[in-house]
There are 2 protein chains.
Amino acid sequence: MSTVGKAISLLELFSVDEPELGLSDLARRSGFDKATTRRLLVALAGHGFVEQDTGTRHYRLGAGLSRLARIREARFPFLQTAVPLVRDLAALTVETVHLSEFGVDRLVTVHVEHPAWANRVNIDIGQLLPLHSTASGIAYLAFARDETVKACLTGSLDAFTAHTLIEAAAISRSMGEARERGYSICDQGYEEGVISVAAAIRGADGFALGTIAVAAPKARTTAAAIAERGLAVRTAAREVSMRLNGENLQILRRQA
Amino acid sequence: MSTVGKAISLLELFSVDEPELGLSDLARRSGFDKATTRRLLVALAGHGFVEQDTGTRHYRLGAGLSRLARIREARFPFLQTAVPLVRDLAALTVETVHLSEFGVDRLVTVHVEHPAWANRVNIDIGQLLPLHSTASGIAYLAFARDETVKACLTGSLDAFTAHTLIEAAAISRSMGEARERGYSICDQGYEEGVISVAAAIRGADGFALGTIAVAAPKARTTAAAIAERGLAVRTAAREVSMRLNGENLQILRRQA
DNA sequence: AAATAATGGTTCAAATAATGAACCGACCAC
DNA sequence: GTGGTCGGTTCATTATTTGAACCATTATTT
């Protein structure tokens with residue numbers, strides 16, 4: 001692994017649940033030597049990618065990341081555009097709604113709205129979602145580049161529950177349904193007892209950029225509710241797509 | 001420079017004005033060899049820190065940065081807390097209001113609100129502000145750790161305009177005034193014809209975390225307007241500080 | 001339409017930077 | 001005290017990064 005990759009994988013050890021980590025802890029989890037870990041942290045700190053708490057000496061993600069993320073957001077206002085619509089959708093459905101963006105080979109959760117229910121689906125910002133076994137993933141794949149789809153479907157796929165589809169043919173069928181319907185449905189494919197619907201947010205070229213999804217406990221979810229949510233999530237995703245691409249929705253037809 | 005430092009300095013070449021850059025361009029600006037540059041970009045792309053446009057093959061900042069920034073924001077909701085108050089302040093003053101956070105040795109602009117005026121002070125997200133020659137910088141230094149102040153004042157300081165204060169004594173005096181007043185004033189210290197006021201956002205330990213500032217063309221700015229804005233920016237910064245620290249404002253007294 | 005000069009990307013011996021076992025001092029619990 | 005942490009440092013060994021020269025494409029220019 002390159003040194004750069006190692007440094008970034010240190011950053012990736014931080015999460016919403018564990019936003020501050022000590023040197024030894026980071027070394028242990030990353031598998032790097034303590035000296036190596038520290039060397040990397042110092043390099044990262046020198047550019048504000050991590051900060052060190054002056055009291056505990058623990059490390060946390062730094063302001064340099066916020067800076068770059070804001071620069072990115074200024075050119076590509078994904079959050080700014082989508083979050084209000086995600087909020088509306090959350091108010092409408094009264095279930096967990098999450099927004100994700102494609103990165104490398106997975107979907108990255110960048111925003112979540114939780115309902116007031118005690119029994120709800122909990123999702124953390126920063127969570128990474130596999131493409132083949134989530135409603136978001138299927139919705140994404142339905143409008144992804146062929147190369148992305150191929151990369152996803154070749155090789156063996158993890159089964160997270162007994163319901164996870166792991167055969168390429170079954171997943172392709174699911175993608176096809178999502179494409180026709182305008183939204184995907186994933187019934188406990190990633191976590192037992194959770195049913196989700198999702199729709200793709202698409203770029204000016206018609207390919208998917210990310211997704212909006214509604215996740216709910218299966219116990220209180222009727223087929224009618226699924227259909228209703230599906231239409232709502234489809235509408236929301238379409239609206240985000242249009243706002244992102246300056247209203248020229250005609251390009252949103254897939255150029256097969 | 002460490003490899004990690006090189007990779008990060010590649011990321012820092014991107015800005016709001018130039019959010020997409022080609023390989024040769026990046027190599028030229030960074031001063032790294034083309035092969036080195038590409039190697040670094042590939043490593044960064046592998047973790048979603050940069051993405052490559054499939055058409056132009058140009059590189060841009062990637063979703064991985066958004067992810068980490070959002071994880072950071074979840075633990076330390078600086079933007080979420082401050083932006084609404086920055087907006088209110090912009091509506092009130094009808095001048096450019098910007099929010100910044102300390103990083104490494106400078107202030108990082110993380111949010112900006114511009115007024116509708118044609119003649120206004122323009123600031124980009126991501127802009128880095130020096131501590132000694134901006135209203136934000138002085139406001140920050142007024143409540144910074146002694147080590148930070150010392151690090152800033154030792155060594156020679158750049159004069160950006162004929163008005164820039166570059167003697168440690170003068171800057172210290174300016175800091176003292178800011179501390180008493182609750183806000184700093186910087187009269188053309190960074191850019192000719194621009195006058196700004198700023199106040200520090202402070203953490204639970206009483207030390208500054210960042211600043212809120214109002215910047216306006218000097219031509220249309222009266223002494224009375226400065227005083228008024230000063231109080232407004234002070235109030236806004238105090239409010240952000242309190243919300244960030246869970247209302248326990250008593251800790252906000254400086255523990256000399 | 002041929003020539004030129006960009007571009008993005010690749011290769012491999014040479015040079016440089018990363019590595020990690022052992023070490024230190026500080027702190028904490030027993 | 002003693003043993004176990006912790007954060008941090010050192011330096012000979014080792015592995016990775018480096019960059020000149022290279023190719024294939026894609027604009028420009030002549």
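Naming convention: chains lettered A, B, ... in sequence-line order (proteins, then strands); numbering from 1 in each chain.
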Side-chain polar contacts of residues 61-69 of chain A - donor-acceptor pairs under 3.5 angstrom, sequence neighbours left out - could you list them?
residue: A:S66; atom: OG; partner: B:R72; partner atom: NE; Å: 3.1
residue: A:R67; atom: NH1; partner: B:G126; partner atom: O; Å: 2.4

Exercise. Can you list every pair that meets salt bridge (charged side-chain N to carboxylate O under 4.0 Å, His left out) and has a residue in residues 164-176 of chain B, with sequence neighbours left out?
Worked result: none

For this session: Not counting sequence neighbours, which residues clear ring-ring contact (aromatic ring centres under 6.0 Å, His included) with A:F14? List them please.
Result: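 ring-ring contact (aromatic ring centres under 6.0 Å, His included) check on A:F14 returns nothing, list empty.
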
Problem set entry | By ring-ring contact (aromatic ring centres under 6.0 Å, His included) - contacts of B:F78 (at least two apart) | B:F76

Problem set entry | Of A:G22 and B:D33, the one whose closest DNA chain D nucleotide lies more 5' | A:G22

Exercise. Sub-3.5 Å donor-acceptor pair from the side chain of A:S184 to the main-chain atoms of A:I138, do we have one?
Worked result: no

Problem set entry | A:A144 backbone acceptor or donor facing A:T148 side chain under 3.5 Å |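 Judged by distance alone, no pair lies under 3.5 Å.
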
Exercise. Any side chain to side chain donor-acceptor pair (under 3.5 Å) pairs touching residues 128-141 of chain A, not counting sequence neighbours?
Worked result: A:S136-A:T211

Exercise. Where along residues 34-64 of chain B does a heavy atom fall under 4.0 Å from DNA chain D?
Worked result: B:A35, B:T36, B:R39

Please list, one pair per line, the donor and acceptor atoms closer than 3.5 Å that link side chains of residues 36-43 of chain A to other protein atoms, with sequence neighbours excluded.
residue: A:T37; atom: OG1; partner: A:D33; partner atom: O; Å: 2.7

Exercise. Quick one: how far along DNA chain D does chain B reach, first to last nucleotide 5' to 3', anything under 4.0 Å to a heavy atom?
Worked result: D:dT17 to D:dA20

For this session: Could you list all the ring-ring contact (aromatic ring centres under 6.0 Å, His included) pairs where at least one residue sits in residues 22-48 of chain A, not counting sequence neighbours?
Result: none

For this session: Would you check if A:I212 and A:Y183 make a side-chain contact, meaning some heavy-atom pair closer than 4.5 Å?
Result: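 No, too far: nothing below the 4.5 Å cut-off.
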
Exercise. Does the side chain of A:S172 come within less than 4.5 Å of A:L153's, by heavy atoms?
Worked result: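 A:L153 vs A:S172: side chains touch.
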
For this session: Tell me, please, which residues at least two apart from B:S15 pass side-chain contact (heavy atoms from CB on, under 4.5 Å).
Result: B:D17, B:E18

Problem set entry | Axis deviation across the helix from C:dA1-D:dT30 to C:dC30-D:dG1, five-pair ends, to the nearest 10° | 40°

Exercise. How would you give the extent of chain A contacts on DNA chain C, as first and last nucleotide 5' to 3' within a 4.0 Å heavy-atom cut-off?
Worked result: C:dA18 to C:dA21

